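Predicted, not measured: the structure shown is a model, and the values here were computed from it. Atoms within each ligand, like the ligands themselves, are counted from 1 in listed order.
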Amino acid sequence: MIARGKGLGYRRGMTLCLRTDDDGIANAARLLGQGRLVAFPTETVYGLGADATDSAAVAGIFAAKGRPAFNPLIAHVADLAAARREGVFEPLALSLAETFWPGPLTLVVPIADTGEVCDLARAGLASVGLRVPSHPVARALLGRFGRPVAAPSANRSGHVSPTLAAHVLADLDGAIDAVLDAGAAEVGLESTIVACVDGNAYWLRPGAITRNDIESVIGRPVLDVAAGTDENAPPSPGRLASHYAPATPVRLNATRISPGEAVLAFGPDLPEGAGLASVVQNLSPSANLTEAATHLYIYLRNLDKLQASAIAVAPIPDKGLGEAINDRLKRAAAPKSLCN
Ligand code: TXA
Ligand code: MG
């Protein structure tokens, strides 16, 4: 059912689809102020937003997604000044923020005395994950709302992250109040997450900003957090093995295809036997990792609809953005357990 109203866009199911003009942004900010849930575009993926200072609103995010409450949310803010009201920025964190914000980097830092992000959004941790997105609609919304917006990816827990408003609605129509529709997310993969604690930088999640990008700014290695090996390392509750998962089994590093499989190819050379596959989608025929990142979630969703025996994924180089793509693919292929 579709209903229209002045300045409101239209209603599909129970969720309002807002235009991204001034009226739409003003409506989205008003809804956030009333403790409602509003999905919005960022340059990485669509986020499911709520007022990060309002624990009842934040509880709504966990309920709508079916997300375990031990997994903290990223607080999105309009600029570095707003971030510094929420978190303590040591020199390392400050240099990363100054270099990469606005953009696809989340910094996990100790909470500041002036911080207002509620306990539930931080899952009770003494740190907060902060990000200043670069997407113009996200920036307009954050500027207008004036408070931090807690936002995980706008999918049901464990599903593939949404890069289109239609993906948000496929998972959450009727469970959230509104979505701002700005077309396709540019990067297509979630932000890189780095924790800055006690003068060290820890690698929590690969993303569009590569390890090299980070290390070239801080002038030292960013440390890996292997469970139990470093007692000073920050907790990383989001590093669950199964995540970003389609329902069809995913087979990695496929160099040979079996009949009945759907193929997710990469580069000019297709895996042997690809001619027997039900469907082949190529992440990037020219082997361009940036292009591959943009296509990853859309193609996984497409191939998941075919009821193939498996999605066979061609090998993808582990350099640069390839680290983030392979990280998401490994989780898509892992046995399904707890997810976010
Ligand atoms: O690109 C993105 O990061 C998107 C857009 C919407 O900003 N958001 C996103 O959120 O991917 P989500 O909730 O799907 O993933 C956030 C990750 C989780 O794995 C969570 O555990 C981690 O960030 N995180 C958040 N706060 C943290 C903290 N204080 N300490 C450690 N990890 C934290
Ligand atoms: Mg997510």
Any N or O of Asn71 closer than 3.5 Å to N or O of ligand 1: yes

Asp51 vs Thr53, side-chain hydrogen bond (donor to acceptor under 3.5 Å, both in side chains): CA-CA, chis, key distance, verdict: CA-CA 5 Å; Asp51 180 347; Thr53 70; 2.7 Å; yes

Distance filter under 4.0 Å to Gly47 heavy atoms, resulting ligand 1 atoms: 6 (C)

Salt-bridge present (Asp171, Arg156; N to O < 4.0 Å): no

Element-labelled atoms of ligand 1 that are located less than 4.0 Å from some non-hydrogen atom of Ser153: 8 (N), 9 (C), 10 (O), 12 (P), 14 (O)

Shared hydrophobic cluster, Val263 / Ile298 (ILVMFWY, side-chain heavy atoms < 4.5 Å): no

Side-chain (Lys65) to main-chain (Ala154) donor-acceptor, under 3.5 angstrom: no

Polar atom proximity, Ser191 to ligand 1 (N or O, under 3.5 Å): yes

Nearest neighbour of atom 10 (O) of ligand 1 from the list Pro152, Ala75, Ala154, Gly87, on a heavy-atom basis: Pro152

The one among Ile61, Val45, Ile193 that brings a heavy atom closest to atom 23 (O) of ligand 1: Ile193

Donor + acceptor pair across side chains of Glu261, Ser278 (<3.5 Å): no

Metal proximity, Ser153 vs the Mg ion (ligand 2), N/O/S cut-off 2.8 Å: yes

ILVMFWY network linking Leu283 to Val280, side-chain heavy atoms under 4.5 angstrom: no

Polar contact flag for Ser127 and ligand 1 (N/O pairs, less than 3.5 Å): yes

Distance-only side-chain donor-acceptor flag, Thr42 / Arg131, under 3.5 Å: yes

Nearest neighbour of atom 13 (O) of ligand 1 from the list Glu190, His76, Arg131, Arg67, on a heavy-atom basis: Arg67

Enumerated ligand 1 atoms positioned under 4.0 Å from heavy atoms of Leu125: 28 (C), 29 (N), 30 (N)

